[in-house]
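Reading through the structure tokens given below for one structure.
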Number of protein chains: 2
Amino acid sequence: MPRRRGATRYAILGMLNESPMSGYDVKKRIETDLGHFWRESYGKIYPELRKLVLDGLATVRTQDQEGRPSRKVYTITVNGMVDLRKWASQAPPDLLDTGELLLKIYHGHLVSSANTASLLRKALQRAREELQEIRQHYEDEEEASSGADAGRQHRIVTLRYRLRYYECLCLWAEESLEKLEGGSSRHL
Amino acid sequence: MPRRRGATRYAILGMLNESPMSGYDVKKRIETDLGHFWRESYGKIYPELRKLVLDGLATVRTQDQEGRPSRKVYTITVNGMVDLRKWASQAPPDLLDTGELLLKIYHGHLVSSANTASLLRKALQRAREELQEIRQHYEDEEEASSGADAGRQHRIVTLRYRLRYYECLCLWAEESLEKLEGGSSRHL
DNA sequence: GAGAACATGTAAGCGGTTACATGATTAT
DNA sequence: ATAATCATGTAACCGCTTACATGTTCTC
């Protein structure tokens, strides 16, 4: 399974970009908005928010409340917005890491439709390469019916899982590209 | 992404079950045999092999060689085989963690076809529940065309990813069940 | 009265990778 | 020459989760 590297930072920054909020709010927002493909714990959110301020990508102000613990409200800075947009526009280093790709697509409205389409096109290309390879493996295994060895049947089931997964990835990328390009700019 | 807990142990034990081998061999075997859905590093393999011996699930003997570094050849014990079979027969705690499910299915020939089918049926059930939920979310988002807000288009793309993924998971489980049950015992 | 929601943070620990250390042999 | 293969192992590090600490208010 692929590593996430610095992506946590941009998941948080993306939430702050919608409106200023506390670490507690960020947690809930990520759950509701990105919950289908992303999750973060307090153990990562709070330290990262501190770093965001140190790096000048956000500012904090403490908001005292009656009866409730006081909140630290974080606001994204101009630098933060610039950084977020830049990150969102660049293709993820591992195009098959759908987590990071999905997070970038989610932030697609910050960049351009053409850009999102470009990310998807690159991912589709990689997925197709992968699909071709796994198809070959799968067919080789199916045809090599010479030995009806014990594990063969089950091995094929695991191979087919991968086959179906990449077929599905390609299908999704294709239909998403169609909808994105059909809906806005056709000039690419 | 779900945690793997103790599954490394059984990936290794599964290799030793095919034939006695060294840690170096285990690494290569896992790459070729399980590479489509599993990977292990030396940093995990060597310490785990030591534990396997301590727990009585494997034995070691050192094999000196001329010119080459000497090998430590590990052999699975009867206890090891019993443990492996037991693990392979039980449904993974998280049925949507395909990694562990696939590893158990791969070892299906150690148990029974009926057992593997049962694991698949349980996973299919969970996947269908999940699919139903995500379908609802997806339709809600598509119908709520009230606000043509900035992020909507991209949010839908990420939701559709999940939708397609669970569709594909269900499809795979269904066709795998069919092939497993059509091929051997129909009595379940 | 119990438990959830509000709210922030830290420390311990787990699971995992990478780089390092060592060194001969064989294939290109 | 140079890289790959053979072979074992460890230490440092990273990313991440979980549990803990603290305390009020609102809801059932």
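Quick caveat: nothing in here was measured; it's all calculated off a predicted structure. First the proteins, then the strands, lettered A, B, ... as listed; each starts at 1.
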- Counting just side-chain N and O atoms, does K44(B) come under 4.0 Å of either OP1 or OP2 of dG16(C)? yes

- Query: Is there a donor-acceptor contact under 3.5 Å linking the side chains of T62(B) and R71(B)?
  - Reply: no

- Using a cut-off of 4.0 Å on non-hydrogen atoms, how would the nucleic acid contact of K28(B) be classed: base, sugar-phosphate, or nothing? sugar-phosphate

- Message: For E18(A), is the CD atom crowded, meaning more than 12 foreign heavy atoms sit under 6.0 Å from it?
- Response: yes

- Task: Look at the side chain of R71(A) and decide which nucleotide, out of dG9(C), dT17(D), dT8(C), has an atom nearest to it.
- Result: dT8(C)

- How many Å lie between CD on E31(A) and P on dA5(C), as a whole number? 11 Å

- Message: One thing to verify: whether K179(B) and E175(B) come together as a salt bridge, which I'm taking to mean a side-chain N less than 4.0 angstrom from a carboxylate O.
- Response: no

- Message: With a 4.0 Å limit, can you tell me whether K27(A) has a side-chain N or O closer than that to the phosphate oxygens OP1/OP2 of dT8(C)?
- Response: no

- Message: Rounded to whole Å, how long is the line connecting atom CD of E48(A) with atom C1' of dT8(C)?
- Response: 16 Å

- Examine dG9(D): is either OP1 or OP2 under 4.0 Å from a nitrogen or oxygen in the side chain of Y42(B)? Give yes or no. no

- Closest to side chain of R50(B), choosing from dT8(C), dT10(D), dT17(D): dT10(D)

- Message: In whole Å, I'd like the distance from the CD atom of E100(B) to the P atom of dG16(C).
- Response: 11 Å

- Is there a side-chain polar atom (N or O) of S41(A) under 4.0 Å from OP1 or OP2 of dT18(D)? no

- Would you indicate, yes or no, if dC6(D) has its OP1 or OP2 atom less than 4.0 angstrom from a side-chain nitrogen or oxygen of S22(B)? no

- Message: If the cut-off is 4.0 Å, is Y24(A) near the phosphate of dC6(C), judged by side-chain N/O to OP1 or OP2?
- Response: yes

- Quick one: I45(B) CD1 to dT17(C) C1', roughly how many Å, whole number? 12 Å

- Message: Looking at S70(A), I'd like to know whether one of its side-chain N or O atoms comes within less than 4.0 Å of OP1 or OP2 on dT8(C).
- Response: no

- D33(B)/R155(A) ion pair, N-O < 4.0 Å: no

- Message: Quick check on E31(A): does its CD atom have over 12 non-hydrogen neighbours (other residues, nucleotides or ligands) under 6.0 Å away?
- Response: yes

